[in-house]
Each structure stands twice: as C-alpha cells, then as structure tokens.
Amino acid sequence: MATSEDDSVITQKDLEELKELISTQDLSSAVDTIKHFLDQQDRLELNIAVMGESGSGKSTFINAFRGLGDDDDDSAETGEVETTTEPKAYKHPKYENMKLWDLPGTGTQTYLKHVQFERYDFFIIIASGRFRECHADLAKEIKRMKKNFYFIRSKTDLSIDAERRKKNFDEKKMLDNIREDCVNGLREIGVEDPDVFLISGRDLNKYDFNSLHERMETELPEHKRHVLTLTVLNITTEITERKKKYLEKNISRIALLSAGAAAVPVPGLSVAADVALLVNEIQKYKTVFGLDDESLERISERSGKSIEIIKSVMKSGVRVGMDKDIILNLLCKSFVLLVKNTVQFQFIVHYKHNLGNVAAAGLSYVTVSYMLKKVLNDAAEDVRNVLMISLR
C-alpha cells in the first residue's frame, strides 16, 4: 500500500485499498490490518551522522540527543582518546527507526567512502574549540554531494563557566564572541557563509539547540521530517509546540482511517477500529511528550524535583493511561457533545462518492477528530507544566 511523500496524508487510493482488504476479513483480522497500516507509516528510518575528533564531545552529544547520560546503558563511550574505529549506530531508546551514528575521526573522499556516506540523511560536525581544515574539507565534500551538514561548537557551558568569575562578565557577549570566532575561523579555511550552533551536551535546553533542531527539521525532506520532530527531547516550549502541530496534522489521518472502517459492512468493525486507533494514537502522545514513567523519572533526576511534585502538575488522561473501556466512554461523551453543538458534517458531503456508508463514516470521522484534539491539547498542557516546574 503506497502513501504520498507527505506521510501524514492518506490518499484516496490508500483508503480504497484498505477498505477492499478489510472487507474480506473477520473483525480481529481487520483491526490487525488497520494497525499494521499505521505501523508501516511510522517505520521510516532517519540516520544522522555525528563526526568530530577525540575529545570534541560528539559521544556526549549523541547520548544527550537520545535523552541518555554518559553512564546509562547503551550510551556512546566518551573519553579524550578516540574510541570509535568503525561507524557505530546508536538507536533512540523509544524509536528504533531513528539512529545517530558515531563516525571515527575526520577525513575527505576516502573517509566518506569508508563510512558509507550515502547511508546518512545529514551530518553534524562537532568541535570543542576552533574548527580546523579537516572539518572544512569534510564540509565541502558533503556539500558537493548535496547533503546537509551542521557545525556544532560543543562544551559551550565549560567556556562560559571558565569566564563567569571575571569582572563585568556578560554571558550574551561571551556567546557572541565564541560564535564569531568559530565563524571567522571557518571562513579563513575556505567555508563560505558558515553557521555555527553553540551547544552544551550536558544541558541541551541551553544556547542554540532549539535553533539547530528547527533548522534540521526545516531542511529535511517532508517524508522524514516527522521522525526528527517526534524523537527530539521535550526541552523547550518551541519543540513541544512543533510536536503538537505535527500530531494535530496526524489527527485527520487517524479520523480518515476511522471513517474508512465505518464504511465497511463488517459487524462491530467501526467501534473496534476506533478503539484500536485511539489506543495506538494516545499511547503515541504519551511517548512523544515524554509522559511515560521512565521519562518522568529522568526529568526528576535531572531537575532535582521529586516525581510526586512533577506528577502533581499533570492533569490529562494520557498520563494515567487509557484502556478500552475508558476509550469507549470518551467516544460516547465526544459524540454527545458533538450532537449538542450541532456539528455540521462537511466531511460527509466531501466523501459521499467514495465511502460506502456515508452517515457512519461521517460520524466516525468527526467524533474521532474531536476526541483526539481534546486529548492532544490536554497532553500538550501537561508537557508545558512539567517543563516549567523542571526548569524552575
């Protein structure tokens, strides 16, 4: 079953293929088919190459990007001596389709062939001080091969701390000076119009990480952008808002699947499909927003706030989890509210020539959309509250 390049959009062809497939199946098999369809769309891989010399902070960055500390299980090995001799992939702990690759040292054409250049979606070039000619040569070769790269100046927090005790210390001025020094250094060794992002591997919510993430997301192809959006840590309100916008866009996809199931004359399929779709999507909200127990424990450890205090600011049902009975109850309540508000089902008119049971399809579409929007808004509010209290 093919989907459009923007994988948040289900085409009419997708829907017709799905309807034809589940119309010949029993209830259990049809629900499994719908789940499999959703899983296929979320398996697209994103491979990020991270390169830098020994002691540059690349391993710490890889760990921090995945939400891990340097001592956690499956963390990249850190140290002042180069520990990487071959490209090594580190999977995101929650999304196995997102991998950061620790690449050995630096180099140019022969080096890029050795590390299988074509494998990666984009490159991150890290230095803890001034960038050198090997970094510039690497950037030129990556550019020649028409892939994106980003210069990161790591250990920015250490540079700031070293100057903090000086008289008339000005952090903003210091950051501007560090960035300007890196940019001028790259220009001197032949890099045109370089951008440098200042990063702290110890604390990604500081300095330029949000700008870096936004740039990477913008420059990725549409069909891979959502992988980066969903896997990044919830460390700024801007990142949380970008996640919410993607998930809002995804609601129409889920609702359209619900409508397609409602239009198939299999007894009980519409309700079973809605429950399966909603359980799957709401679990995604919990994972994407870091409202699961493991993520909250990490926030507690890093912020010094007790887990009880963090959980006290969370009000949505996403936090406690939603079983089938709760989902059914919320569906009923959503439907009643829609009727009371005299919702106009424009969807029915738009798809009347393509869906079989138009009334059932329209009701499913609007009810599922309404419910998911409410749950998503509540979950996003939880994230904002957790972020505020953890940074306080």
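Taking K172 as the reference, D170, D176 meet the side-chain contact (heavy atoms from CB on, under 4.5 Å) condition, with sequence neighbours excluded. Legend: residues meeting salt bridge (charged side-chain N to carboxylate O under 4.0 Å, His left out) with D161, ordered by chain and number and at least two apart, are R164. Not counting sequence neighbours, R119 has no partner by the salt bridge (charged side-chain N to carboxylate O under 4.0 Å, His left out) test. In this structure D74 satisfies the salt bridge (charged side-chain N to carboxylate O under 4.0 Å, His left out) test together with R66, sequence neighbours excluded.
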Practice task
Applying salt bridge (Lys or Arg N to Asp or Glu O under 4.0 Å), run through R130 and E188 and close with a yes or a no.
Solution key: CA-CA 11 Å; R130 269 206 164 196; E188 289 171 6; 3.4 Å; yes
Practice task
Determine, stepwise, if the pair R242 / E214 fulfils side-chain contact (heavy atoms from CB on, under 4.5 Å).
Solution key: CA-CA 9 Å; R242 287 199 288 274; E214 188 172 21; 3.8 Å; yes
Handout entry: salt bridge (Lys or Arg N to Asp or Glu O under 4.0 Å) between R298 and E301, worked out
Key = CA-CA 5 Å; R298 289 188 183 281; E301 291 172 6; 5.3 Å; no
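Note on ring orientation: taking the six-membered ring where Trp is involved, the planes of F117 and F123 are parallel (angle under 30°, cut-offs 30° and 60°). Under the 30°/60° scheme for interplanar angles, the aromatic rings of Y246 and H226 are found to lie parallel.
Closest approach of L387 and T237 over heavy atoms only: CD2-N, 3.5 Å. The heavy-atom pair separating V191 from A136 by the smallest distance is CG2-CB, 3.6 Å.
The closest side-chain heavy-atom distance from R179 to D208 is below 4.5 Å. Side-chain atoms of N210 and L204, non-hydrogen and from C-beta on, never get closer than 4.5 Å to each other. Using a 4.5 Å cut-off on side-chain heavy atoms (C-beta onward), L230 and L247 make contact. Taking the side chain as every heavy atom from C-beta outward, D195 and R215 approach each other to under 4.5 Å. I307 has its side chain within reach of K311: a pair of non-hydrogen atoms, C-beta onward, lies under 4.5 Å apart. Here the side chains of S159 and L198 are not in contact, with every heavy-atom distance at 4.5 Å or above. Annotation: side chain of K58 is in contact with side chain of D102 (closest heavy-atom distance under 4.5 Å). Side-chain atoms of I189 and H135, non-hydrogen and from C-beta on, never get closer than 4.5 Å to each other.
H92 places a side-chain N or O within donor-acceptor distance of the main-chain N or O of T231, the cut-off being under 3.5 Å. In this structure, the side chain of S300 does not engage the main chain of L296 through any donor-acceptor pair within 3.5 Å. Of the possible donor and acceptor atoms, none in the side chain of S128 sits under 3.5 Å from a partner among the backbone N and O of S154. Listed for the N385 side chain is no donor-acceptor partner under 3.5 Å among the backbone atoms of M314. S200 places no side-chain N or O within 3.5 Å of a backbone atom of K155 that could act as its donor or acceptor partner. With hydrogens and angles ignored, the 3.5 Å screen pairs a side-chain donor or acceptor of D382 with a backbone N or O of K315. A donor-acceptor pair under 3.5 Å links the side-chain atoms of D292 to the main chain of S295, judged by distance alone. Between the side chain of N63 and the backbone N or O of A76, at least one donor-acceptor pair lies under 3.5 Å. At distances below 3.5 Å, not a single donor-acceptor pair connects side-chain atoms of K206 with backbone N or O atoms of D157. Side-chain atoms of K147 come within 3.5 Å of backbone atoms of E118 as a donor-acceptor pair (strictly under, hydrogens ignored).
Results of the side-chain hydrogen bond (donor to acceptor under 3.5 Å, both in side chains) test with T229 over E217, K245, K224 single out E217 as the only residue that passes.
Among pairs with a residue in residues 277-297, none fulfils ring-ring contact (aromatic ring centres under 6.0 Å, His included), at least two apart in sequence or across chains. Sorted by first and then second residue, the pairs that involve residues 145-192 and meet ring-ring contact (aromatic ring centres under 6.0 Å, His included), not counting sequence neighbours, are F122-Y150, F131-F151, F149-F151.
Residues T60 and D70 have side chains that bring a donor and an acceptor to within less than 3.5 angstrom of each other.
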